[in-house]
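Below: the structure, in structure tokens.
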Amino acid sequence: MLAAAGIRAALGAAIRGKPWGQPPRTPQSPQGPDLEEIMRQFRERMGGMLGGGSGGGNGVRSRGPGGFGWPLIAGVLIFGWLALGVYVVDEGEQAVVTRFGAYTRTTGPGLHMHLPVPVESKQVFNVTGQRTDQIGFTTDNNQVIDNPDESLMITGDRNIVEIHFSVNYTIKDVVAFAYNVRSPVGTNTEPGAVRQIAESAMREVIGQRQLEQVMTTERVAVAQAVEQLMQQTLDEYGAGVLITQVNLSSAAAPQEVTEAFNDVINAGQDAEAAINNANRETSRIINEAQAYQGRVVREATGEAERFIAVHNEYRQAPQVTRDRLYLETMERVYRDGNTMIIDQRGGAVPYLPLDTVTRRTTPAPAAAQPGAR
């Protein structure tokens, strides 16, 4: 670059008629520029920059004692190229060095050197820092922004649930992390392998459980199952990633289906209440029927025993039994009637207590009601 700048300056000065270190010439006549003079001055300037001297009027340069320009420039360029291969690895980091694209070595913290591009290249990774992926949501100024494409999932009982969870992981094998899986961390436009595996594992685990269990009692079990499934899948891929924790931060029904979900819960509660009422009414009817059955059986048994007893008495004294049955029957028939029975077999005139009959036919006055006027 310095040589090119010198060439451009020499040409400009020569064209303007102001060579370095010489006063400007006054033109004698309106003639064009002297090309031979320009070329001679250019050769002199270039020879001075490169350490050579003028060999005579024929324009052929000869090397003097100071002719070391080209080796010096070459040495500076080579030294600068080699200096590009010096790199520093910080604490907690590891560097992976490749030669023409093939892995050669791994270096730890400290000052190192490799052959510069295009021979060798390096990639430096933080192997102790924890990385976090948020699936189903993002946070902006402490505000949670939902991502429906990732958060909405279907449970085993065909319900929709909104899942927000995060995955923490570190690098356990830097070489595998760098070369076995393309883009394990991902970019702003393309999700990484860890994020895709996390979403797939969560959908599989959620699809095996009921909505109520996911929202209440099995949240810890869901996170543990997702962590195990992710680690197993990443190990099969040889991703060199260690999953440290899966945190299920939110599991709820979406706002769009909350009312329908509440209606389902209320309908279930109403159905359970109706079933309980029906069972209670059934128990009452069964108890009443059993009580009625016992009463009827007891009455029938009593009547049968009474009939058997009367039959036995009748067999012993038929006439007395017939008279007794007749009298008892007539007593029940005329119990509430105003009737007087007269035996016509006697010869005396019967005494009729008419005043008693009259009192019996006159209804008794009703009892006064409390508070009646």
Side-chain angles (χ1 to χ4, degrees), residues 154-161 208-219 221 252-253 257-373:
I154 299 178
T155 61
D157 53 356
R158 299 298 186 271
N159 286 314
I160 300 176
V161 63
Q208 299 173 353
R209 285 170 168 79
Q210 307 295 317
L211 175 62
E212 184 178 358
Q213 298 173 350
V214 173
M215 294 174 57
T216 55
T217 60
E218 296 192 2
R219 297 182 60 171
V257 299
T258 300
E259 295 182 359
F261 182 73
N262 293 333
D263 292 340
V264 172
I265 294 178
N266 295 332
Q269 295 176 351
D270 294 341
E272 185 177 358
I275 292 174
N276 293 334
N277 294 333
N279 292 334
R280 185 167 53 253
E281 187 69 16
T282 301
S283 299
R284 185 186 65 80
I285 294 174
I286 291 176
N287 292 334
E288 291 180 356
Q290 291 175 350
Y292 174 76
Q293 177 186 9
R295 184 174 65 255
V296 171
V297 170
R298 289 191 299 271
E299 291 178 357
T301 303
E303 290 293 333
E305 292 177 353
R306 178 177 175 275
F307 178 79
I308 293 173
V310 172
H311 178 68
N312 292 334
E313 293 294 333
Y314 175 78
R315 292 178 61 183
Q316 295 178 4
Q319 185 60 39
V320 174
T321 303
R322 283 197 299 267
D323 293 341
R324 181 181 175 184
L325 291 174
Y326 174 77
L327 294 175
E328 291 177 355
T329 303
M330 297 305 294
E331 181 181 1
R332 289 196 301 270
V333 171
Y334 294 108
R335 178 182 302 169
D336 299 328
N338 191 9
T339 305
M340 182 176 293
I341 300 174
I342 300 175
D343 188 5
Q344 297 180 355
R345 290 180 296 182
V349 178
Y351 170 73
L352 300 177
L354 298 178
D355 55 347
T356 305
V357 175
T358 303
R359 287 196 300 268
R360 292 178 62 183
T361 56
T362 303
Q369 298 293 331
R373 298 180 181 178

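Note that this is a predicted model, so its numbers are computed, not measured.
Scanning for side chain to side chain contact (heavy atoms under 4.5 Å, CB included) contacts around Thr329 gives Arg332, Val333, with sequence neighbours left out. Residues satisfying the salt bridge (Lys or Arg N to Asp or Glu O under 4.0 Å) criterion with Glu305, sequence neighbours excluded, are absent altogether. Glu281 pairs by the salt bridge (Lys or Arg N to Asp or Glu O under 4.0 Å) definition with Arg284, not counting sequence neighbours. Partners of Arg158 according to the side chain to side chain contact (heavy atoms under 4.5 Å, CB included) rule, which considers only residues two or more places apart in sequence or in another chain, do not exist here. For Ile160, the side chain to side chain contact (heavy atoms under 4.5 Å, CB included) test picks out Leu152, Pro254, with sequence neighbours left out. Under the rule for a side-chain hydrogen bond (donor to acceptor under 3.5 Å, both in side chains), Asp263 has no partner lying at least two apart in sequence or in another chain.
Applying the side-chain hydrogen bond (donor to acceptor under 3.5 Å, both in side chains) rule to pairs touching residues 208-219 yields Arg209-Glu218, sequence neighbours excluded.
In this structure, Ile154 CD1 and Leu211 CG are separated by 12.0 Å, a value rounded to the nearest 0.5 Å.
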Show me the donor-acceptor pairs within less than 3.5 Å that the side chains of residues 271-280 make with the rest of the protein, sequence neighbours left out.
from, atom 1, to, atom 2, distance (Å)
Asn276, ND2, Glu272, O, 3.1
Asn277, OD1, Arg280, NH2, 2.2
Asn277, ND2, Ala273, O, 3.2
Asn279, ND2, Ile275, O, 3.1

Please list every donor-acceptor pair under 3.5 Å in which a side-chain atom of residues 290-303 meets a protein atom from a residue at least two apart or in another chain.
from, atom 1, to, atom 2, distance (Å)
Arg298, NH1, Gly294, O, 3.4
Thr301, OG1, Val297, O, 2.6

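In this structure, Asn159 contributes its side chain and Thr155 its backbone to no donor-acceptor pair below 3.5 Å.
For the residue pair Asn312 and Gln316, no side-chain donor N or O sits within less than 3.5 Å of a side-chain acceptor on the partner.
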